[in-house]
Structures are given as C-alpha cells and as structure tokens.
S.K.: 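Quick one: the structure is below, questions incoming.
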Amino acid sequence: MAETNSCCSWLKASLPFLGMVSAVTALATNMIVSKIAMTNGTSFFILSVYSNALATLILFPCGFLLHRSKLPPLTFKILCRIFLLGCFGCLADIGSYAGINNSSATLGTELLNLVPGFTYILAVIFRMERLNLRKSSGISKSLGTIISILGASIVTLYKGPAIMNKALTLNSSAIISSPDQNWVLGGILLAIAAFSTAAWSIVQSWILKIYPAEMIIVAVYCLFVTMQSTVVALIAEKDTTAWKLQADMGLFAVLYAGIINVTYRLYIMSWCLSRTGPLFVSLFNPLTIVISVVIGVIFLHEVLYFGSVAGAVVLVTGFYAVIWGKAKERKINVESTSEEEVSLLQDGIEQA
C-alpha cells in the first residue's frame, strides 16, 4: 500500500515535467511539419488562418464548459486588450512560419530562446521590472539578454560549414530543403516573431490580472488571430488556389498545428503554469533545439551548420543567465517577505 502511494505521488510530481516535454515536442514537431508543408507549396499565410480557425472551433466549447459556473463578463475593454494580444500573436505566428520557410526549423527553435531576453527588456520599459545593476540578479538578466541577442546574431548572420548531412548541400535531396531559402531574412523574421511573442506575454499577463479565465482568453485570442491573419492573407496571398488545401502534407500541417500545437500545447502550458510557475515552464525552451535537430537532421536529412551550433550554445547560455537572474531575484523577494512577516509577528507579540 505504501509503495502504491509512493508511486502515485512520484507520478503526480512528474506530470508537470512530462507535460512540458510533450509541449516543447509539439512545438518543435510543428516547426518541422510546417516546413515540409511549405516546401511542398502550402502558403504560410493560409496555414496560419486555417490552424487558428480550427483551434477557435475547439477552444470555445472547451472554454465555456470549463468556466460555465464562474464565467466573468467579457467587457469591451477586455475585448480590446485581447484584440491587441491577437495582433502580437498574428505577427508572431506569420513571422514564425515565414521565417522557417526562408531558413530552417532548427533556426526557428534556436531563436525561441530570445523570448526571455526580449520579455525582460519590455518588462523594464513598462516598469514591470526594475533595472538594478547593483545586484547580481540584475547584472545576470542584463548580460543574459545581451548574450542572447549576440547568439541570435551568430545563427542568423553566420552559417558556417555544414557539419551534418554535408553531402546534401551539393545534392538537393533533403526532404525539407527549399530552393529559395534566405537565411538572413529568415533569421530576422524569426527574431521579430520572438519579440512579438515576448510582447504577447506582457499583454497576456496584463489581461489575466483583470480577467482570470485563461481558456476563454485563448479562445477569443484565436478568433481574433484568425480574423487578422485572414485579412493579411487576402492582401498578401495573390494565388487564389492557395486557399484550397489538398489531402496531403498541407492538410496534415493544418490539423497538427490547430489541434496539437495551438489547442493542446497552450492548454498544457497553462496547466503547468498554474502548478509550477513561469520559471519552470521557461526552462524547457532550449529542449526544442535538441528535439528539432533530432527530427530534422537525423530523420528528415536537414543540413546542420556550424553557425547554428555555435550560436545555439551562446543563445542557451544567455537564456539560462536570464532565468538564473529571475530565480535569484525571486528568492531574494521571498526571503525579504518572510523576514517582514516575522518582524510584524514579533512586534505584535511585544505589543500584546
């Protein structure tokens, strides 16, 4: 009986870890799947429209079922803020797909590690965090942000020699190779997507303070992204036949992105956030690089360049410097709060 309880406790404690591994696997796999679909002719504008539309159809019923007993009213002010959230999400979504289309899924996963640094910069600008260079936590976050940007510059501007699947650079037999790749443009678009994702995080935390119904926010957000990406697609996509998906990789990419990458991944991340906090969730970002390399290089014969490896090492170093600084700052805040509570308790006892 004791062994059964111990096993159940261990499994329960492991669920957030397993959930985040599945979430980052879903994200990395989506980048690979969407890259294959776009190489085979699927428009990234249409991919964004259809995947978010599918996620909207799934999330609205789930959201109302989950919050049916305590659904806060959706005011015009909240809808405006979710619309702004959708603007950043649309830019991040299309920028990410366009960036991967012009480079590789591996580069896409590497530049995800810019998000914490960009989030820190925006948090300082909007006074959600203070820039304190007198403390080790402030120095670590600032240096980590600079190092992350340096790493992003390396993977974007320096390709270097091929170190895996080198023969494929001479023979275009790679499954996800694209004849019109532009590595620098892809890197810039992915960096813009990372910045938009950071802005999305800031706006989302702003909304959650006044409307704590996560599933409804995500559902309305996906609806707005669908509307916004549809407008962009109608303007930017000149080929009307692109709207018709064939029963091939394009359809699979839409189904995977809508069901797994948006609906499932966002729910799992929200669940893990509520139980472990943002620090735990952020620690899994670099894992997407490993998963993407394993899937892309080993199974799909994507070419791996030295610049990607060197830049990824620098990026991850900067990423963990930012995370360490935030963890250090949080520990100091918790300790100072505990000391204040003890001091107030002692004062109360003395007065009594």
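For the single chain, residues carry numbers from 1 onward in sequence order. Everything numeric here is computed off the predicted structure, so don't read it as measured data.
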S.K.: Holding to side chain to side chain contact (heavy atoms under 4.5 Å, CB included), I want the full list of residues that pass it with Ser142, two or more places apart in sequence or in another chain.
M.R.: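 With neighbours one apart ignored, the set is Tyr120, Leu131, Leu133.
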S.K.: Who passes ring-ring contact (aromatic ring centres under 6.0 Å, His included) against Tyr221, sequence neighbours left out?
M.R.: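 Here the qualifying residues are Trp200.
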S.K.: Quick one: are Asn261 and Ser51 in side-chain contact, heavy atoms under 4.5 Å?
M.R.: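 Contact flag for Asn261/Ser51 side chains = no.
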S.K.: Got a sec, which hydrophobics cluster with Leu189, joining ILVMFWY side chains under 4.5 Å apart, including via others?
M.R.: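 ILVMFWY cluster around Leu189 also holds Leu185.
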S.K.: Please list, chain by chain and in numerical order, all residues satisfying ring-ring contact (aromatic ring centres under 6.0 Å, His included) with Phe224, sequence neighbours excluded.
M.R.: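 Listed in chain order: Phe83.
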S.K.: If the condition is side-chain hydrogen bond (donor to acceptor under 3.5 Å, both in side chains), which residues does Thr145 pass it with, not counting sequence neighbours?
M.R.: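 Per chain and number, Thr145 pairs via side-chain hydrogen bond (donor to acceptor under 3.5 Å, both in side chains) with no residue.
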S.K.: Side-chain contact, heavy-atom cut-off 4.5 Å: Ile260 with Asn30?
M.R.: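 Side chain of Ile260 against side chain of Asn30, heavy atoms only: no contact under 4.5 Å found.
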S.K.: With a 4.5 Å heavy-atom cut-off, do Val33 and Met249 have their side chains touching?
M.R.: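 Val33 vs Met249: side chains touch.
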S.K.: Tyr264 versus Ser22: any side-chain heavy-atom pair under 4.5 Å?
M.R.: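 In short, these two side chains touch, coming nearer than 4.5 Å.
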S.K.: Answer whether the closest heavy-atom distance between the side chains of Ile94 and Phe45 falls below 4.5 Å.
M.R.: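 Side chain of Ile94 against side chain of Phe45, heavy atoms only: contact under 4.5 Å found.
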S.K.: Kindly state each residue pair satisfying side-chain hydrogen bond (donor to acceptor under 3.5 Å, both in side chains) with at least one member in residues 83-100, sequence neighbours excluded.
M.R.: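 Found Ser48-Asp93, Asn52-Asp93.
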S.K.: With hydrophobic residues grouped by side-chain heavy-atom distances under 4.5 Å, do Val49 and Leu57 end up in a single group?
M.R.: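 Different clusters: Val49 never reaches Leu57 through Ile, Leu, Val, Met, Phe, Trp or Tyr contacts under 4.5 Å.
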S.K.: Donor-acceptor pair, distance only, cut-off 3.5 Å: does the side chain of Tyr50 make one with the backbone of Trp243?
M.R.: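 Between the backbone of Trp243 and the side chain of Tyr50 there is a qualifying donor-acceptor contact (under 3.5 Å).
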S.K.: Heavy-atom distance under 4.5 Å between the side chains of Leu315 and Leu111, does that happen here?
M.R.: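 Yes, side chains in contact.
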S.K.: Quick one: sort the Phe60 and Phe64 rings into parallel, tilted or perpendicular, breaks at 30° and 60°.
M.R.: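 Correct class here is parallel.
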S.K.: Are Ser136 and Trp324 packed together at the side-chain level, in the sense that at least one heavy-atom pair is separated by less than 4.5 angstrom?
M.R.: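 Answer yes - side chains close enough.
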S.K.: Report yes or no: do Tyr211 and Thr75 form a side-chain donor-acceptor pair below 3.5 Å?
M.R.: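 The criterion, which ignores hydrogens and geometry beyond distance, is not satisfied for Thr75 and Tyr211.
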